[in-house]
Novice: 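Here it is, the structure, as structure tokens.
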Amino acid sequence: MATNKLNGILLDCGYRIGENGNSVIQLYVSDERSIRLIEDNSFSPYFYVVSKDPQKTLHALEGHVFGEGARALRAELSPKENAPNAIKVYFKNPQELVRAREAIEGVEGVYERREYDIPFTERYLIDKCMHPMAGVEIEEKDGNVVKINPREIKRDLRLVALDLETYSPGRFSDARLDPILMCVLSAQGGSKVYTYKKTMAKEAIVLSDEKEMLERVFSDLRSMSPDVLVTYNGDSFDMPYIKERCERLKVKCDFGFGPVKVVHRGMYNSAEISGTQHLDAYALIKFMARIGAVSLVKFDIENVSEKLFGKYKEKLLHTDINGLWDKGDIDRIVKYNREDGEVTLQLAKEFLPLQIQLASMLRQTLFETSRASSSQMVEQLLIIRSFDRDNLIPNRPGEAEVTQRSLQTYEGGFVRSPLPGLHENIAVLDFRSLHPTIMISHNISPETMRCSHDECKSGENVSPDGDWFCMKRKGFLSGILEEILKDRIELKRKVKLMEKGTQEYKMLNARQHALKILLNSHYGYLGYPRSRWYSRESARAVTAWSRHYIQQAMEKAEKDGYTVLYGDTDSMLLLIPNGKNEEDVRIFMEKVNDELPDAMELEFDGMYRRGIFVTKREGGAAKKKYALIDFRGNLKIVGFEYVRRDWAIVAKETQRQVIEAVLKEGDPAKAVALTKGMIKRLKEGKVPKAELVIMTMLKRRIDKYESIGPHVAAAKKAIARGKDIDVGSVLGFVVTKKNGKSISEKAELEEYVAEGNYDADYYIEHQILPAVLNIMQELGYDKQDLISGGKQSSLSSFM
DNA sequence: GCGGACTGCTTACCT
DNA sequence: ACAGGTAAGCAGTCCGCG
């Protein structure tokens, strides 16, 4: 009777196949010193079938062989509220399950298979209600886990960042040929750089060659026993690279608990290391950018360091690294490598609290959570809640169904045409979490839709699009959202009272942030063609109500004497008339809130001193483009060329200055002067290349374009010169002096263009003037005013 | 055969 | 690889002209 108890942080879950072919779950638990393994023989993989005749199906399953000897371990009736004839079918191991699920529909009575694609280890964590990255006490007896208790664990995670520098002789490093030159390990206590050339750098450990270096890195890493190993783009670069080098050099690629597994997931890779959590800070920061939690345009580590931490970091190009290495002068490479490690570590520290909360809430390892899209997070949450209430999970749609769904669209949010021109004294109001609060208020959820009760399908309960949702029972999604919203409001209340920067504060704040992410992702998930809980009608009802509420709020504002300048989906900009002030706006807002459902709330965003809306190039008021200035002089520029990466800096910066001159100083004459100045500089050929670069993403393979725009043409020319360009890379090109009919013919990637080689006429006519004119035209200026002579000021008496 | 008008493709933005 | 709504540039084609 062997018993075993483990206390610590639950890091990972894996499995192995036992001697008899049974699957054995492996749990990795980290304590103060190391990471320990505990095994569970008592859990078998399973899925469900729904049968027309359960008894017959049960009988047919007995002894049924699915191919290659795969058979059901056992099967049992497992009636669910949403599937009374469900049968749970267990298997020896996931491999047999996979064989069986392909053939199960041939078994008598079976008309549907369910939950057949939940990975085994993920299934375990869900079913056992386990919380990765949280404290746990696990009791095991004779190879079976018998008890799992949550435990409060208060200690910092052991984080180690790893980063490689590699040799790249005139091409991108190739792991089959080019050695690793250097490797940094950064941890709480500091950084060590491993290399094999002489250096004065104190942080360096100099070994005799690459092989010895790698062996030393692995042995040091194992003794550090990191809970989380962090890289920057390690999924696609460092991990596959180190793995390949290890194979070539016959070094055991062993981080402590076994090999690195590089998985190709659609367009991306992921590198999984069992027993520790490999966190790719690059993947993480991309996710934060997608959800709008950080705003970055470039994602190289230097830019990230500067924008996020205000820390300048010198960038070494791969040619520099090669040159210095060949010269034997590697001190600068050591510094560069160390800083890469340190920034990577800092990034992990910054975003780990949020990821830990998500992992714990979603019963998913940090590895999975940190690579999940927001739709995957929502789906995971719904799967958990479905399991907890003993319901069967809907299947994923097949490709044909996905295509069908993609063709069906629905109307979105309401965008009000703005009142073009310059305005003063503006209030901005918006609905707090509009979509989720609508879902809560109207009980919107796929299964409550169009219920049969007469009371539900009449009157106020029917959406403007004619859909209704049951009033008698709480919807699945809407119920979850209601809980999340309630929990988040409570957490925010607590956090507000706490001292900032404490461990507890960071934890709770991260928790409310995690809830916010989940809250805001449900609506999109409803309309996402690949989702299990897809419901176009539900999504449509959400937007139908959203249009109703924002328009109603606008009408109320107008009745109260405000002019609605603009509004988009959940927001409205109000012109405050003379005699009214912020206090009046707040009173108005409260009045609206009193008439709104409980969960819904109109919020006060701020007051602005001036704002400008413009006219479209082809006439009519331009939506999604405006600029505001508050009473402290802060500009808020929305949708204009200034915020777009596919405009040259020279145009963007001129536009910003023009907006500033107009909004801040009320001085259009200054705007004219500075535009003329910039045009002059352009004509004189004085503008540096860096200000002329236009950034555009190559969104597909170069041969997949039917229309060859400038960025595609520039890419083609670069490829002809031997450059490698990946899909998804953001290209910078310049419009050169070269003769040609089209812009495309004149466009070249920045790196092939000499300073001064630019088409001044293009930058004046197609960059500066369009960017400036749409603003100046609102003030009564025209093109003639901005080029050469012209009138200096024609502004009416507005200022 | 020319040039402007128009359309479709493409990207990046907003909420 | 969560949704729809929108502006705008450029390439390429259409169209009227007479």
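Please read these numbers as outputs of a predicted model, since none were measured by experiment. Order of the sequence lines fixes the chain letters, A, B, ..., with proteins taken first and strands second; residue numbering starts at 1 for each chain.
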Novice: Between atom NZ in A:K741 and atom C1' in B:dG3, what is the gap in whole Å?
Specialist: 12 Å
Novice: Between A:F640 (CZ) and B:dA12 (C1'), how many Å, whole number?
Specialist: 15 Å
Novice: Rounded off to whole Å, could you give me the NZ-to-P distance for the A:K716 and B:dT10 pair?
Specialist: 12 Å
Novice: Regarding A:S521, tell me which of base, sugar-phosphate or nothing describes its non-hydrogen contacts under 4.0 Å with the strands shown.
Specialist: base
Novice: Counting heavy atoms from C-beta on, name the nucleotide in B:dC9, B:dT11, B:dA12 closest to the side chain of A:E706.
Specialist: B:dC9
Novice: Could you check how far CH2 of A:W533 sits from C1' of C:dC2, rounded to whole Å?
Specialist: 15 Å
Novice: Compare side-chain N and O positions of A:H522 against OP1 and OP2 of C:dC2 and report whether any pair is under 4.0 Å apart.
Specialist: no
Novice: At under 4.0 Å between heavy atoms, what does A:R371 touch on the DNA or RNA strands: base, sugar-phosphate, or nothing?
Specialist: nothing
Novice: Nearest whole angstrom, please: distance from the C1' of C:dA1 to the CG of A:N269.
Specialist: 16 Å
Novice: From CE of A:M377 over to P of C:dA1, roughly how many Å is that when rounded to an integer?
Specialist: 14 Å
Novice: From CD1 of A:I694 over to P of B:dC13, roughly how many Å is that when rounded to an integer?
Specialist: 14 Å
Novice: Is there a side-chain contact between A:I444 and A:W545, using heavy atoms and a 4.5 Å cut-off?
Specialist: yes
Novice: Could you tell me if the side chain of A:Y642 sits less than 4.5 Å from the side chain of A:E653, heavy atoms only?
Specialist: yes
Novice: Let me know the distance between OH of A:Y566 and C1' of B:dC14, rounded to the nearest Å.
Specialist: 7 Å
Novice: Between B:dT11 and C:dA1, how far apart are the two P atoms, rounded to whole Å?
Specialist: 14 Å
Novice: So what does A:V643 hit on the nucleic acid, given a heavy-atom distance under 4.0 Å: a base, only sugar-phosphate, or nothing?
Specialist: sugar-phosphate
Novice: How would you summarise protein contacts on nucleotides 3-10 of chain C per nucleotide, using B for base, S for sugar-phosphate only and - for none, with heavy-atom distances below 4.0 Å?
Specialist: SBBSSSSS
Novice: Taking the side chain as every heavy atom from C-beta outward, state whether A:K624 and A:V638 have any pair of such atoms under 4.5 Å apart.
Specialist: no
Novice: Indicate, with a heavy-atom threshold strictly under 4.0 Å, whether A:R645 touches base, sugar-phosphate, or nothing.
Specialist: sugar-phosphate
Novice: Would a 4.5 Å heavy-atom cut-off, applied to side chains only, mark A:E603 and A:L429 as touching?
Specialist: no
Novice: By the definition side chain to side chain donor-acceptor pair (under 3.5 Å), identify the one residue from A:K652, A:K625, A:Q767 that meets it with A:E641.
Specialist: A:K625
Novice: Compute the ring centroids of A:H548 and A:F431, then answer whether they are less than 6.0 Å apart.
Specialist: no
Novice: Which pairs pass side chain to side chain donor-acceptor pair (under 3.5 Å) with one or both residues in residues 726-741 of chain A, sequence neighbours excluded?
Specialist: none
Novice: Just to be sure I understand the rule, does A:Y626 reach a base, reach only the sugar-phosphate, or reach nothing, if contact means heavy atoms closer than 4.0 Å?
Specialist: sugar-phosphate
